[in-house]
Enquirer: 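Sharing a structure with you now.
Count residues from 1 along the sequence. On a predicted model such as this, the values are computed, not experimentally measured, just so you know.
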Amino acid sequence: MKQVIYITLLYLTLSVPKIITSEDVNPYLCQGKYLTPQQGKAMLAERLNQIRNSADWDDYRQHLRDCILRGMDLNPLPRRTPLNVISRNKRRHNGYTVENIAIETIPGYFAGCNLYCPTDLDGPVPVVLCPNGHWGDSRFNEQVQIRCAMLARMGAVALSIGNFGWGSSPDQAVKRIHVSPLAMTMQTWNNMRALDYLLSLDHADSQHVGVTGASGGGTQTLLLTALDDRVTVSVPVAMVSSYMYGGCMCESGRPIHRSTNHFTNNVEITAMAVPRPLLLISDGGDWSANTPNVEYPFLRNIYGLYSAQSQVANVHFAKEGHDYGPNKRKAMYRFMAEHLGLDIKRIQNSRGQIDESPVVVEDIAALQVFNESNPFPSHICKSREDIETSLKRLQAPAQLTVQIKG
């Protein structure tokens, strides 16, 4: 029976309307608004016709996971090496602390991060990873700082991780590296290693692990949730769409959505979270405008196969645009509080309203790990080729040392 189902699903992946042109450099790249909204909706409807029960979805989910990892050039996954954490300039604010962190995700490459912790840290406590979109300077953006600080004030340890080669995090002076296909591969791997770091902390609760980001950070959120079962709560914001595949190389620069034996979209990838708690936050000003009527019903159907419809939700702001603004953040705080066991009262004022005013928004200089006074380690990768070589070494079979006694 499974073989028949697989063949049927394979036929579906190849029968979506033809939209690839001869001018495409890579015919399997699905970039930007790759489908029309009508095609995206039809694709989801046809998929539901093929999925009859949770076993069908489990088979298809595993097939998708394999295809995504191959397309992302992360098959096999690299070996995990020591993170060699660098920590600098810990500050204390109202209810939380901020620390500048760098983790060596592969030998010679350090991902810049900021760690936000409750001032009364006493474990075990939930952890939340916050990947970021393309606004301004990534992890230094005001919206990012506020959401991480508020999560810490509620009782979580939150880690904001910078985009690969973007903004004021110079990524070892490798120029224009974010606009290369390597960005998708490295950002996904960096996020997995960031979870390694978070879960290595003395107070980390491995049973309560959240991830949330908006726009390109929303893409990172849905991909990490699909590929890493350690994530227990997921909140992608202003991103999930049946027809928009992501406009940056870090979102669609690798053939993760289409190959000779699969064709998927970000809604199906988001559905790989089932039955874990999932909140879609959408708005009327971008490609998530149809979420209440298209993407969310599909997800409810998939969650229904597991009798888990109560675990998936959508909060839609029809009059808002593409951001991770105050209303979107407040919806996320409530969902994270409910599913991670955080204390929302810690961020409410005397009238019971969520109040972000105690958060201190710092300037870029205060948040940077490396600067003239604190330079990068001497062994850093100095080019894209160096990073690719370092990564490939970790994917090669480990060499065995054999001792011959004579």
Enquirer: If we ignore hydrogens and angles and just use 3.5 Å, is the side chain of Asn290 paired with the main-chain N or O of Val294 as donor and acceptor?
Expert: no
Enquirer: Tell me, which pairs form a side-chain hydrogen bond (donor to acceptor under 3.5 Å, both in side chains) where one or both residues lie in residues 237-248, sequence neighbours left out?
Expert: Ser242-Glu295
Enquirer: Is Arg65 reaching over with its side chain to a backbone N or O of Tyr60, donor-acceptor style, under 3.5 angstrom?
Expert: no
Enquirer: Taking atom types as modelled, find out whether Ser234 and Thr225 have a side-chain donor-acceptor pair closer than 3.5 angstrom.
Expert: yes
Enquirer: List in chain and number order the residues that pass salt bridge (Lys or Arg N to Asp or Glu O under 4.0 Å) with Asp323, two or more places apart in sequence or in another chain; answer none if no residue qualifies.
Expert: Lys328
Enquirer: Check the pair Leu115, Val157 against side-chain contact (heavy atoms from CB on, under 4.5 Å), reporting the backbone distance first and the verdict last.
Expert: CA-CA 7 Å; Leu115 183 69; Val157 171; 3.5 Å; yes
Enquirer: Is the closest side-chain heavy-atom distance between Leu391 and Tyr109 below 4.5 Å?
Expert: no
Enquirer: Does Lys382 form a salt bridge (charged side-chain N to carboxylate O under 4.0 Å, His left out) with Asp386? I'd like the steps, not just the answer.
Expert: CA-CA 6 Å; Lys382 295 181 173 62; Asp386 286 348; over 6 Å; no
Enquirer: Looking at side-chain heavy atoms only, is the closest gap between Val237 and Met332 below 4.5 Å?
Expert: no
Enquirer: We want to know whether Arg91 and Asn100 form a side-chain donor-acceptor pair, criterion being a heavy-atom distance below 3.5 angstrom.
Expert: yes
Enquirer: Please report the shortest heavy-atom distance between Tyr96 and Ala152, naming the atom on each side.
Expert: CB-CB, 3.8 Å
Enquirer: Heavy atoms only: give me the nearest Gln395-Asp73 pair and the separation to one decimal.
Expert: NE2-O, 3.2 Å
Enquirer: Any donor and acceptor pair, going by atom type alone, linking the side chain of Tyr303 with main-chain N or O of Arg276 inside 3.5 Å?
Expert: yes
Enquirer: Nearest 0.5 Å, please: how far is CE in Met192 from CG in Leu77?
Expert: 5.5 Å
Enquirer: Hey, are the side chains of Asp58 and Tyr306 touching, using non-hydrogen atoms and a 4.5 Å cut-off?
Expert: yes
Enquirer: For Val211 and Val235: C-alpha separation, side-chain torsions, deciding distance, then whether side-chain contact (heavy atoms from CB on, under 4.5 Å) applies.
Expert: CA-CA 6 Å; Val211 59; Val235 185; over 6 Å; no
Enquirer: Please report the closest heavy-atom contact between Pro131 and Ile161, naming both atoms and the distance.
Expert: CA-CG2, 3.9 Å
Enquirer: Would you mind listing every side-chain hydrogen bond (donor to acceptor under 3.5 Å, both in side chains) that reaches into residues 140-158, with sequence neighbours excluded?
Expert: Asn132-Arg147
Enquirer: With a 4.5 Å limit on heavy-atom distance, are the side chains of Asn261 and Cys67 in contact?
Expert: yes
Enquirer: When the ring centroid of His257 is compared with that of His262, is the distance short of 6.0 Å?
Expert: no
Enquirer: Quick test of your reading: applying salt bridge (Lys or Arg N to Asp or Glu O under 4.0 Å), list the pairs with at least one residue in residues 200-211, sequence neighbours left out, ordered by first then second residue.
Expert: none
Enquirer: Any chance you could lay out the side-chain contact (heavy atoms from CB on, under 4.5 Å) test for Val231 and Thr221, step after step, and finish with the verdict?
Expert: CA-CA 10 Å; Val231 174; Thr221 295; over 6 Å; no
Enquirer: Is there side-chain contact between Glu251 and Gln31, with at least one heavy-atom pair below 4.5 Å?
Expert: no
Enquirer: Mind checking what makes ring pair (Phe, Tyr, Trp, His ring centres under 6.0 Å) contact with His203, not counting sequence neighbours?
Expert: none
Enquirer: Determine whether more than 12 heavy atoms belonging to other residues, nucleotides or ligands lie under 6.0 Å from atom CD of Gln62.
Expert: yes
Enquirer: Please list, one pair per line, the donor and acceptor atoms closer than 3.5 Å that link side chains of residues 101-108 to other protein atoms, with sequence neighbours excluded.
Expert:
from: Glu104; atom 1: OE1; to: Asn84; atom 2: ND2; distance (Å): 2.6
from: Glu104; atom 1: OE2; to: Gly108; atom 2: N; distance (Å): 2.7
from: Glu104; atom 1: OE2; to: His379; atom 2: NE2; distance (Å): 2.7
from: Thr105; atom 1: OG1; to: Asn190; atom 2: OD1; distance (Å): 2.8

Enquirer: Please, which pairs that meet side-chain hydrogen bond (donor to acceptor under 3.5 Å, both in side chains) have at least one residue in residues 117-126, sequence neighbours excluded?
Expert: Asp120-Arg346
Enquirer: Just verifying a value: how many Å separate Ile347 CD1 and Glu356 CD, rounded to the nearest 0.5 Å?
Expert: 7.5 Å
Enquirer: To the closest 0.5 Å, what do you measure between CZ (Arg193) and CG (Asp196)?
Expert: 4.5 Å
Enquirer: Test salt bridge (charged side-chain N to carboxylate O under 4.0 Å, His left out) on Arg47 and Glu268; report intermediate values, then the result.
Expert: CA-CA 9 Å; Arg47 185 69 71 196; Glu268 291 188 355; 2.5 Å; yes
Enquirer: What is the minimum heavy-atom distance between Val267 and Leu299, and which atoms define it?
Expert: O-CD2, 3.9 Å
Enquirer: Determine whether a donor-acceptor pair (N or O, by modelled atom type, separation under 3.5 Å) exists between the side chain of Arg329 and the backbone of Val144.
Expert: no
Enquirer: Could you work out, with salt bridge (Lys or Arg N to Asp or Glu O under 4.0 Å) as the rule, every residue matching Asp228, not counting sequence neighbours?
Expert: Arg230
Enquirer: I'd like to check Asn265 versus Met43 (side-chain heavy atoms, cut-off strictly below 4.5 Å). Are they in contact?
Expert: yes
Enquirer: How many angstroms lie between CG in Asn94 and OG in Ser357, if you round to the nearest 0.5 Å?
Expert: 9.0 Å
Enquirer: Do Leu48 and Ile302 make a side-chain contact, defined as non-hydrogen atoms from C-beta onward lying under 4.5 Å apart?
Expert: yes
Enquirer: Check whether any side-chain N or O of Ser138 sits under 3.5 Å from a backbone N or O of Asn163 as a donor-acceptor pair, and report yes or no.
Expert: yes
Enquirer: What is the distance from atom NE2 of His93 to atom OH of Tyr116, rounded to the nearest 0.5 Å?
Expert: 8.0 Å
Enquirer: Using only atom types and a distance under 3.5 Å, with no angle test, would you say the side chain of Ser288 pairs donor to acceptor with the backbone of Asp283?
Expert: yes
Enquirer: How long is the gap from CG on Leu223 to CG on Asn266, to the nearest 0.5 Å?
Expert: 6.5 Å
Enquirer: Can you find a side-chain donor-acceptor pair between Arg139 and Asn114 that sits under 3.5 Å?
Expert: yes
Enquirer: May I ask you to check whether Tyr34 and Gln39 show a side-chain donor-acceptor distance below 3.5 Å?
Expert: no
Enquirer: Only pairs at least two apart or in different chains count here, so list each ring-ring contact (aromatic ring centres under 6.0 Å, His included) that has a residue in residues 339-366.
Expert: Phe335-His339
Enquirer: If every non-hydrogen atom of Val369 is compared with every non-hydrogen atom of Arg88, which pair is closest and at what distance?
Expert: O-NH1, 2.9 Å
Enquirer: Can you pull out every ring-ring contact (aromatic ring centres under 6.0 Å, His included) where at least one residue sits in residues 278-299? Sequence neighbours excluded, please.
Expert: Trp287-His322
Enquirer: May I ask you to test the Lys90-Val98 pair for a side-chain heavy-atom distance under 4.5 Å?
Expert: no
Enquirer: Is there a donor-acceptor contact under 3.5 Å from the side chain of His178 to the main chain of Phe164?
Expert: yes
Enquirer: For Tyr324, enumerate each residue passing the side-chain hydrogen bond (donor to acceptor under 3.5 Å, both in side chains) test, keeping only those at least two apart in sequence or located in another chain.
Expert: Thr212
Enquirer: Ignoring hydrogens, what is the shortest heavy-atom contact between Pro118 and Ala156? Give both atom names and the distance.
Expert: CD-O, 3.3 Å
Enquirer: For His316, check ring pair (Phe, Tyr, Trp, His ring centres under 6.0 Å) against everything at least two apart and list the hits.
Expert: none
